Amino acid sequence: MKPIWRKIALDSRELRISTVLRCGQSFRWRENEEGVWSVGYKGRVVLLQQDDKNLHYASLPEDDVDIKDVIDDYFNLKTSLKDLYAVWAEKDAHFKKMTLNQLAGIRILRQDPWETLCSFICSSNNNIKRISQMVENLSIHYGDFIANYNGVDYYDFPSPDKLADKTVEGKLRDLGFGYRAKYIQRTAEVIMSKYGGRKYVEELRQKPYLEAREALLEFTGVGPKVADCVCLMGLDKNEVVPVDTHVWQIAQRDYKVAKKYKALNKAAYEEVRDHFKFLWGDYAGWAHSVLFTADLNLEEQEVKKEEITDPLPAPKPTIGIKRELDEPVLDLPTKIPVKG
DNA sequence: AGAATACCTCAGCA
DNA sequence: ATGCTGAGGTATT
């Protein structure tokens with residue numbers, strides 16, 4: 001079964017999937033050796049590959065007439081990053097400086113609301129690698145099988161009815177979910193018994209931000225940050241800036257916001273969130289993801305700089321025989337792979 | 001009300 | 001090698 005590839009004309013500055021699909025918004029995409037990205041999503045395997053001018057796509061099974069619309073919707077392609085960027089750069093000099101007036105193709109996804117909710121419940125006090133592993137496990141163990149492609153089995157993300165059973169908590173604990181096992185099971189159970197299914201979460205898209213947020217906060221395992229992530233990345237609340245520890249630091253260090261607070265409490269959280277909403281406007285959540293990623297890249301560069309300059313200082317012209325006494329300076333990098 | 005503390009696991013590092 | 005730390009928080013004192 002060879003998929004049929006088609007393409008959408010799309011400047012890579014409007015969307016860069018290699019960044020967007022691994023920046024901590026979605027957690028189930030995988031990339032193969034050839035740069036093809038894939039995921040099981042709503043009954044199909046979605047395949048993507050990108051070059052400068054086009055987004056190439058395919059799906060399995062092939063009779064998937066909706067795939068184009070699904071991609072369009074998932075990546076929010078009706079919204080032009082270019083126009084938004086101009087607004088943010090004009091309103092915020094620091095933003096402009098950090099992003100060097102370059103469109104990096106970083107944008108907010110419009111993901112399935114129920115999956116977004118579960119994913120971000122898993123994200124609390126956690127790292128991207130393990131979050132991905134956990135969400136993948138939810139699909140493999142509870143989701144419907146879709147297809148095998150290139151030796152990989154693809155599954156849908158499970159509906160809440162699959163996760164509502166009391167036995168789920170124990171199994172998720174065995175799968176390494178830790179205390180989040182209970183959060184997932186309890187949330188699924190409440191969604192089913194009290195609200196009748198995932199549609200309840202989907203309909204929060206129609207409600208105003210604060211209303212949707214309140215509704216989400218009712219679920220155990222959902223606090224302010226998780227609720228705001230779901231609002232932004234699943235419920236069309238484009239103005240929301242979720243305040244995690246990283247954003248909290250950026251706010252204080254680069255924007256001098258909420259300096260009077262020592263810790264990120266409720267008041268501090270809302271002050272930071274509202275500040276960025278005021279500064280960047282209706283798509284503040286999108287701007288935040290751009291700045292966040294720019295900041296991460298900068299940190300990586302800092303690390304690389306140290307790695308390069310530290311271990312092997314430029315050999316100074318040797319004066320006399322003094323160098324021989326300074327051997328420790330030439331310490332080899334400690335990171336030589338030790339296998340076996 | 002606001003501030004500590006416990007909570008699961010795992011990779012990275014000393 | 002073992003032990004510690006922190007990771008895009010939340011619930012509970």
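Below, each value reflects all heavy atoms present in this structure, side chains not excepted, and no hydrogens, waters or symmetry copies. Residue numbers start from 1 in every chain, and the chains themselves are labelled A, B, ... in the order their sequence lines are given, proteins ahead of strands. In this text the structure is predicted, and so the values were computed from the model without any measurement.
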Roughly, in whole Å, what's the span from [atom1] in [X] to [atom2] in [N]?
X: A:Asp228; N: C:dG9; atom1: CG; atom2: P; answer: 13 Å
X: A:Asn126; N: B:dC10; atom1: CG; atom2: C1'; answer: 9 Å
X: A:Tyr269; N: C:dG8; atom1: OH; atom2: C1'; answer: 11 Å
X: A:Ile184; N: B:dC8; atom1: CD1; atom2: C1'; answer: 14 Å
X: A:Ile128; N: C:dG9; atom1: CD1; atom2: P; answer: 11 Å
X: A:Arg180; N: C:dT10; atom1: CZ; atom2: P; answer: 11 Å
X: A:Lys182; N: B:dT9; atom1: NZ; atom2: P; answer: 14 Å
X: A:Glu169; N: B:dC8; atom1: CD; atom2: P; answer: 9 Å

Notebook entry, point to check: Which pair of heavy atoms, one from A:Ile121 and one from A:Thr220, lies closest together, and at what distance?
Noted result: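 Closest approach of A:Ile121 to A:Thr220: CD1-O, 4.4 Å.
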Is the backbone of [Y] close enough, under 3.5 Å, to the side chain of [X] for a donor and an acceptor to pair up by distance?
X: A:Arg107; Y: A:Phe75; result: yes
X: A:Glu239; Y: A:Gly285; result: no
X: A:Tyr41; Y: A:Asp112; result: yes
X: A:Gln50; Y: A:Val36; result: no
X: A:Lys277; Y: A:His275; result: no

Within the structure shown, what part of the strands sits under 4.0 Å from [X] by heavy-atom distance: base, sugar-phosphate, or nothing?
X: A:Phe219; result: sugar-phosphate
X: A:Val243; result: nothing
X: A:Gly176; result: sugar-phosphate
X: A:Pro242; result: nothing

Margin query: So for atom NZ, which belongs to A:Lys182, do other residues, nucleotides or ligands contribute more than 12 heavy atoms lying within a distance under 6.0 Å?
Written below: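 No, the 6.0 Å shell around NZ holds no more than 12 heavy atoms from other groups.
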Check: Around atom NZ of A:Lys207, are there more than 12 heavy atoms of other residues, nucleotides or ligands at under 6.0 Å?
Finding: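 Open.
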Notebook entry, point to check: Can you check whether A:Tyr255 and A:Phe276 have ring centres sitting under 6.0 Å from each other?
Noted result: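 Between A:Phe276 and A:Tyr255, which both carry aromatic rings, the centre distance is below 6.0 Å.
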Using the [atom1] atom on both, measure [N] against [M] and round to a whole Å.
N: B:dC8; M: C:dT2; atom1: P; value: 26 Å
N: C:dG8; M: B:dT5; atom1: P; value: 23 Å
N: C:dA7; M: B:dA3; atom1: C1'; value: 22 Å

Item checked: N/O (side chain, A:Thr245) to phosphate O (OP1/OP2, C:dG9) under 4.0 Å ->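 True: A:Thr245 side-chain N/O within range (under 4.0 Å) of C:dG9 OP1/OP2.
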Notebook entry, point to check: If you check every side-chain atom of A:Val226, which of C:dG8, B:dA11, C:dT10 has the closest atom?
Noted result: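 Per side-chain heavy atoms of A:Val226, the pick is C:dT10.
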Next item on the list: Select from A:Cys229 and A:Leu217 the residue whose nearest nucleotide in DNA chain C is closer to the 5' end of that strand.
Entry: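 By nearest-heavy-atom nucleotide position, the 5'-most residue is A:Cys229.
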Table of protein N/O atoms under 3.5 Å from nucleotides 2-7 of chain B N/O atoms:
from, atom 1, to, atom 2, distance (Å)
B:dA3, OP2, A:Asn265, ND2, 3.4

Notebook entry, point to check: Would you say the side chains of A:Arg273 and A:Tyr269 form a donor-acceptor pair under 3.5 Å?
Noted result: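 The answer is no; no qualifying pair exists.
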Notebook entry, point to check: Tell me, what's DNA chain C's dot-bracket, Watson-Crick or G-U with both distances under 3.5 Å, | for other-strand, [ ] crossing?
Noted result: .||||||.|||||
Margin query: Can you tell me whether the side chain of A:Arg130 and the base of B:dC10 have a donor-acceptor pair closer than 3.5 Å?
Written below: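 No.
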